[in-house]
Amino acid sequence: MKAEKNIVITGFMGSGKTTVGEALSRKLKREFVDMDAEIERRAGMSIPEIFRRQGEAAFRDKERKLAYELALRHGLVIATGGGALVDGELRDMMAQHGALICLQASPADIRARLEESDGRPLAANWERLYHARQTAYAQIPRQVITTGKTPQVIAAEIAALCADALFVKAPDGGGYPIHIKRGILAGLGLDAQAYGLQGPVVLVTNETIAPLYGESLARALPQASLIRVPDGEAHKNLDTVRQVYDDLLSLGADRGTTLIALGGGVIGDMAGFVAASYMRGIPLAQIPTTLLSMVDSSVGGKTGVDLPQGKNLIGAFKQPRRVIIDPDVLNSLPQSEWRCGMAEVIKHGLIGRPSLLDETLWKLERAEELIQQAVQVKIDVVEVDPFETGIRAHLNLGHTFGHAIEKVTGYAVPHGEAVAIGIVKAARLSRNLGLIGDALLGEIQTIFWKIGLPTDIAIDAERCYAAMATDKKWKAGLSRLIVLKGVGEAAIVEGVSREEILAVL
Ligand SMILES: NC(=O)c1ccc[n+]([C@@H]2O[C@H](COP(=O)([O-])OP(=O)(O)OC[C@H]3O[C@@H](n4cnc5c(N)ncnc54)[C@H](O)[C@@H]3O)[C@@H](O)[C@H]2O)c1
């Protein structure tokens with residue numbers, strides 16, 4: 001049997017580490033170690049006494065030794081002292097040996113709790129200490145906000161976080177889990193609290209997905225309502241946004257309401273934008289239902305709608321509170337949509353995870369693994385560059401060519417097919433620039449053939465070039481493209497000449 005990792009709960013004094021740790025140990029039937037209590041037991045005196053007689057340095061030394069000792073054990077729930085993991089080295093060590101959770105309580109909650117308890121040697125100057133320690137706490141990727149939640153709810157949230165979730169660090173210092181599990185939607189009603197969906201929630205979905213998954217989910221979740229919008233990219237616009245605002249108002253939705261975007265990238269982008277703007281922002285959860293939205297659009301916080309003048313021209317960055325992915329919903333996804341998602345999966349393989357290029361993984365039966373690996377590439381990129389100022393552009397591999405192909409053909413070529421052709425064009429350009437050899441170009445073509453995606457199209461090269469030149473990322477007419485230097489290695493090149501681009505078109 002695989003040894004279970006320790007769960008280590010840290011956070012500022014008064015954030016509830018001990019109470020939550022006890023609740024979690026009962027829930028998971030694991031042994032609980034409260035580090036402060038253990039230090040007191042071993043020293044035979046209270047912490048204030050250790051501070052008084054031996055000084056803070058001696059206490060920190062005991063804390064450090066105990067942390068190393070506990071890290072060698074497995075399956076524990078550990079509550080640390082508030083200052084234990086401010087030390088970066090100790091924090092990294094604990095993170096390597098366990099799942100690290102930081103409880104975030106509001107200053108008002110902390111004040112109230114400190115007034116109730118005594119015997120905390122550093123409590124007198126707690127406000128100064130609170131601000132000084134925030135930078136260290138922010139280094140911990142899994143943050144759990146405790147305000148307004150019972151210890152049992154917080155324990156359930158931590159359990160969910162540790163069970164099956166990947167985690168995305170958000171630019172505001174917080175972050176959100178991505179749960180990927182077959183059948184997760186069927187149990188969501190029962191586990192609503194653990195997933196922060198205890199209500200009120202409003203599911204926003206389209207006419208295709210409502211009868212498949214939306215209606216049953218709305219019945220299963222407490223205090224849930226359902227809003228339906230028409231299906232299709234043609235409806236990813238401000239008219240639909242307006243319709244959803246109206247529906248939310250008539251449902252009485254306020255800032256305490258969580259909006260759930262249930263659908264593909266079109267719903268995720270449109271409903272995400274509604275969540276970013278309705279009443280200046282309400283909580284958002286993404287439940288993506290296409291392969292593309294699972295591996296790409298539901299993660300990273302880009303939301304928006306189209307204008308008649310162009311795609312995604314209106315939008316906002318809105319980080320979801322969580323992303324819930326049930327690979328089972330892909331059973332009802334049309335094959336053509338699966339292939340479109342696969343174009344993005346291959347792109348992720350080419351820019352960061354070569355194992356995704358292994359064809360034995362491209363099966364519905366292995367979707368959980370496929371999605372986990374593909375979404376990790378997106379996480380790695382958006383964590384480094386949340387607002388698309390640098391390497392996030394790598395995710396556009398093949399997309400400048402692809403968008404131009406979509407535009408010139410009047411959107412007759414589906415997005416995924418255009419991306420596949422675009423990636424091959426980007427690879428050909430990389431070969432022409434001497435960055436990769438013929439062999440890799442050939443391999444990429446073969447991958448798309450195997451998936452059933454096209455690799456070329458007869459198209460007016462001049463019109464295509466003109467469409468590319470309107471790309472938002474080209475500055476003052478200077479071309480800006482993503483190329484490959486090898487598998488797993490993308491790069492941005494600027495100023496590739498018109499002739500070189502026409503040659504690959
Ligand atoms: N925000 C981002 O970072 C980002 C990234 C990539 C793409 N996008 C956007 O995503 C959109 C494309 O998303 P998409 O490819 O998911 O298309 P989509 O949302 O239009 O879904 C494709 C079709 O599949 C149907 N469908 C969805 N899930 C289904 C299921 N489980 N079973 C049966 N049918 C199902 C939908 O109703 C739709 O008809 C574009 O608007 C694009 O701009 C956004």
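No hydrogens, no waters, no symmetry mates; every other heavy atom, side chains included, goes into these values. Atoms within a ligand are numbered from 1 in the order they appear, just like the ligands themselves.
- Protein residues are said to neighbour a ligand when one of their heavy atoms lies under 4.0 Å from it; for ligand 1 these are Asn206, Thr208, Ile209, Leu212, Tyr213, Asp231, Glu233, Lys236, Gly264, Gly265, Val266, Asp269, Thr289, Thr290, Leu292, Asp296, Ser297, Lys302, Lys311, Asn312, Val329, Ser332, Leu333, Pro334, Glu337, Lys378.
- Every salt bridge (charged side-chain N to carboxylate O under 4.0 Å, His left out) that Lys450 has, sequence neighbours left out, goes to Glu359.
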Report all side-chain donor-acceptor pairs from residues 428-439 shorter than 3.5 Å, counting only partners two or more places apart or in another chain.
{"unit_1": "Ser430", "atom_1": "OG", "unit_2": "Ala426", "atom_2": "O", "d": "2.6"}
{"unit_1": "Ser430", "atom_1": "OG", "unit_2": "Leu484", "atom_2": "N", "d": "3.0"}
{"unit_1": "Arg431", "atom_1": "NH1", "unit_2": "Asp438", "atom_2": "OD1", "d": "2.6"}

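- Contact check for Thr289 versus Thr205: no side-chain heavy atoms found under the 4.5 Å cut-off.
- Evaluation of the salt bridge (charged side-chain N to carboxylate O under 4.0 Å, His left out) rule for Arg498 yields Glu462 as partners, not counting sequence neighbours.
- Residue Arg242 places its CZ atom among 12 or fewer non-hydrogen atoms of other residues, nucleotides or ligands, all under 6.0 Å distant.
- Taking the charged nitrogens against the carboxylate oxygens, Lys347 and Asp296 do have a contact shorter than 4.0 Å, which makes a salt bridge.
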